[in-house]
Amino acid sequence: MASTYQGRRPAGGRRGGKGGRKGGRGGARTVALRRTAPVVREPVTLPAVLTIGELAEKLHATGVEVIKELMKLGMMATINQQIDYATAARVAEALGWETNPEESDLAGEGESFESRRTEAESDPDAKTRPPVVTIMGHVDHGKTKLLDAIRSANVAAGEAGGITQHIGAYQVDAQGRKITFLDTPGHEAFTAMRARGAQATDVAILVVAADDGVMPTTREAVAHIKSAQVPMVVAVNKIDLPAANPDRVKQQLSEIEVMPEEWGGDVPFVEVSALEKMGLDDLLEVIGLVADVHELKANPHKPAAGVVVEAKIDRTRGPVATLLVQSGTLNPRDVVVAGSTWGRVKAMFDDRGRRIRRAEPSMPVEILGLFEAPQAGDQFMVFADEKQAREIAERRAAQRRAESLTGTDRSFKLTEFSKEISEGGVAELRVIVKADVSGSLGAIQQALLKLNEDVPEGVQLSITYAGTGAIGESDVSLASATRSIIIGFNVRPDVAAKRAADASGVDIRFYNIIYNLLDEVKAAMLGMLAPVFQDVTDGYAEVRETFRLPSGDVVAGLYVLDGKVTRNSRARVLRSGTVMNEGSIRSLKRFKDDVRDVAAGYECGLGLDGFNDLQVKDQIEFFHREEVART
C-alpha cells in the first residue's frame, strides 16, 4: 500500500539542464513516501569455517560492517581472516540474519569415523578382532620390564636376543590368539588421545609393585582408567621379592574402589614377575577372557578407519605415522585422511620393521606417504576419491586454524556451568581436587559430595580425581579429557601445568578456606555464580641463593623460569607445590640497580614484604589480579 504526498512540481527538473537546476533550487519538491512490507529473509547456511569476505557476501553486507560487529565481540580481524561457525552466527544475528550450519564435511560419504567403528555391533560381516591393551602405573613399578618380558616371550627364539621396537605399538601371539599392546609413556598420553576424541584402548593393565604398594601415580592412573570407562586388569608385579605383599596391594586398591574379583568385585588381579617372567601366561589369559566378555568385533572387508598412535618427521623418509587400524583393512596405495592431512600410502611396516601388504583390525602399522605428520589421537579414514580426501583435509586444517585464532576449545568453565544451570540446563559438574594434606583432602571430598543433597534434582557434582601435592600436567590433561575443573586447596600448579592449562583452557580455581570453596561451587550448581576477580600469572622464578642483610631482612637470588617478574606483581612462595606466603614485592634488583621487570632467562634479586623464610629451590609465582565480568 503506497501513500503519496503530491506537492508542486518545480518548473525546472533534472531533465531541464542548467536552467532546470536553477529553477529547481527555488521550487518545491515532490516527496513520495512508500510503506513497504518488511523483508522476509531465509536463514543463511554457513560452513564450519569461512573467511570474513565470504561471510559478508552471504549476508549481503560489506566487509566493513562485518568487521565492526567482530570488533564489538572483541575480535580484531581482516577481510581474509577465517572464523568458525559460532563466531559467524553471532555476527549474522547482529545483522538480522538467522543461520543454519552446513552439513558435515563427511556427509557426502554418508558416514563418519565414529559410525564406522560402532557399526560393527550390528554388522553381520564383523569378525572377532584382537584386544588393544594399554599398560599404566607408577613409574618404578615395572611397566617397561613387563612389556619387554611379554614381547620377548612371544617372538621367535632367534629374534629374542636383538629385538628393536620400531613403533609405539606391537602385537604378540598368546595361546593361539593375538593381543595388541600400545606402548604409551604413561597416563598423560592415554588421556591426551582421549582428549582428541580417540578411544583406542579395549583393556587397561594397572601395574602395581608388590613391595611398594599403591603410590600417588597409581591413584592417578586409576582415575584416568575409570574416566575412560575401560575394563581394568591389575598386574601385581615383583612378587619374587622378599618384601612382596600382594594382599596389602589388594587392600589399598579396594580403598579407592578397585575391588578384586576374589573379594566380590569385578577387577581381575594377576600376580607376575617381569624379571623372572612369572605369571605372564596367566596375565595374557585373563586379557583374553576380558576381551571375550566384551565381544570385540570389526569388519575387515571395508576401507580402513582407526587412530593415529604417534607421528614424526623422518629426515630420510619424510612424515611417518603409526596407525592403529580399528575397522576395515589398510592396503598400500590407499588414500588416507588423518586429522587435517592426507596422502596415499606408499609403504607399510609392522612393529619389527618388516614390510607388509595389509593391516587388519587391531593391527598397528607404520605408514609412509602422508604430506604432513598428523597429531597423536587424530582419527584416520580411507577414501576412494583423492580429490575428496584433499578437500576434507584442507577444510579440517582451516577449521583448526580458525579454532586456534578464536580460542575454541573443549574446556569447561565454572562460570559456564553456572550459566547453563541458570538457563534451565541439566548438567554434571566434574571436579579434580588437589590439596596440600590428606586431612584437608578428605574433608573437602565429603563436603563437596554432600552438596548434591542441597541442589535441585538433575544437577550433580562428581569427583573425577582427588589427591595431594602440587597441580601437575597430568591433572590438566585429565581435566581436558573429562571436561572437569580443577580445585586447588593451598596448592598451585607447576610451570608445565600452568602452560598446559593456558593452552587447553582448563579452569583452575584456588582456595585456602574450605567455606569459600564450598560456597562458590554451590553457587555455580545453583546457577548464581558471580566471580569478581581472577589471578593472572605473570611469571615463575626459582630461588637459587639467599642472603641476610644487616637489617635482618632476607633477599633471594632468583632465576626467572617463565614469563617475567614485574615490580608491581604480587608474589606467591611455593615449596613443593604448597603455598608458604603471599604478599607484595619490597625490592627488585638487577645487580645493584632497581628495575621494573626481569624477563625469563635472567637472574635478579628479590625482597618480599614481611617474609624472610625464603629457601633455595623455592618457586615463586608472580601474578596480578584482574576483574572478571559478572555472569
Side-chain angles (χ1 to χ4, degrees), residues 109 113 116-117 127 129-130 132 147 151 154-156 158-160 162-173 178-185 189 193 196 198 200 298-394 396-397:
E109 284 289 298
F113 289 99
R116 279 198 185 182
R117 289 202 303 270
K127 297 181 180 179
R129 63 172 178 82
V132 180
L147 282 165
R151 190 158 190 254
N154 288 276
V155 298
E159 297 178 12
I163 299 171
T164 301
Q165 186 171 329
H166 288 267
I167 60 179
Y170 59 87
Q171 274 191 336
V172 300
D173 290 308
K178 291 182 177 180
I179 299 176
T180 299
F181 288 89
L182 292 184
D183 186 12
T184 61
M193 292 181 71
R196 298 194 59 76
N299 186 346
H301 306 298
K302 290 188 172 184
V307 63
V308 178
V309 176
E310 60 182 27
K312 60 185 179 182
I313 301 291
D314 189 279
R315 286 186 178 182
T316 57
R317 300 189 295 172
V320 180
T322 300
L323 309 180
L324 176 67
V325 180
Q326 293 179 301
S327 67
T329 298
L330 185 66
N331 302 288
R333 305 294 301 163
D334 280 350
V335 177
V336 172
V337 175
S340 58
T341 188
W342 72 285
R344 188 179 289 275
V345 179
K346 294 179 180 177
M348 303 196 309
F349 305 91
D350 67 7
D351 56 315
R352 295 175 208 168
R354 300 175 301 191
R355 199 167 187 132
I356 55 175
R357 300 295 302 172
R358 57 190 286 113
E360 295 185 340
S362 295
M363 183 174 180
V365 60
E366 191 177 72
I367 69 163
L368 308 178
L370 296 178
F371 287 101
E372 296 176 1
Q375 298 181 32
D378 277 345
Q379 294 159 321
F380 81 86
M381 196 170 180
V382 169
F383 288 89
D385 185 1
E386 190 172 299
K387 181 181 177 183
Q388 184 186 24
R390 184 191 302 110
E391 290 176 352
I392 290 173
E394 289 174 352
R396 288 188 182 147

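When a residue number appears, it is its place in the shown sequence, counting from 1. Excluded from the calculations below are hydrogen atoms, water molecules and symmetry mates; all remaining heavy atoms, backbone and side chain alike, are included.
- Counting only heavy atoms from C-beta outward, the side chains of M363 and I356 approach each other to under 4.5 Å.
- When all heavy atoms of A200 and V307 are compared, the closest pair comes out as CB-CG1, 3.8 Å.
- Using a 4.5 Å heavy-atom cutoff, the side chains of I367 and L330 are in contact.
- Sequence neighbours left out, the pairs with a member in residues 320-348 that pass ring-ring contact (aromatic ring centres under 6.0 Å, His included) are W342-F371.
- Minimum interatomic distance between V345 and N331 (heavy atoms only, all atoms of both residues): CB-O, 4.0 Å.
- A pairwise comparison of heavy atoms in A338 and P374 identifies O-CB, 3.8 Å as the closest pair.
- In this structure, OG1 on T341 lies 13.0 Å from CD1 on I392, to the nearest 0.5 angstrom.
- You'll find the side chain of K127 reaches within 4.5 Å of the side chain of P300, heavy atoms only.
- Pairs engaging residues 327-349 under the salt bridge (charged side-chain N to carboxylate O under 4.0 Å, His left out) rule: R344-E386 [sequence neighbours left out].
- Judged as a ring-ring contact (aromatic ring centres under 6.0 Å, His included), not a single pair has a partner in residues 308-340 (not counting sequence neighbours).
- Between M348 and P332, the closest side-chain pair of non-hydrogen atoms falls below 4.5 Å.
- Taken from CD in E310 to CG in L323, the straight-line distance is 10.5 Å, to the nearest 0.5 Å.
- Within the 3.5 Å criterion, the main-chain N or O of R396 finds no donor-acceptor partner in the side chain of S340.
- Inter-residue side-chain proximity for Y170 and D350 is flagged as unmet; no heavy-atom pair is nearer than 4.5 Å.
- K178 approaches P130 most closely through the heavy-atom pair O-CB, 3.2 Å.
- T180 pairs by the side chain to side chain donor-acceptor pair (under 3.5 Å) definition with Q171, not counting sequence neighbours.
- The two residues P319 and L370 have their closest heavy-atom pair at CG-O, 3.3 Å.
- Evaluation of the side chain to side chain donor-acceptor pair (under 3.5 Å) rule for E360 yields R358 as partners, not counting sequence neighbours.
- Under the side chain to side chain contact (heavy atoms under 4.5 Å, CB included) criterion, R355 pairs with A347, F349, sequence neighbours left out.
- The line from CD of E366 to OG1 of T322 is 5.0 Å long, rounded to the nearest 0.5 Å.
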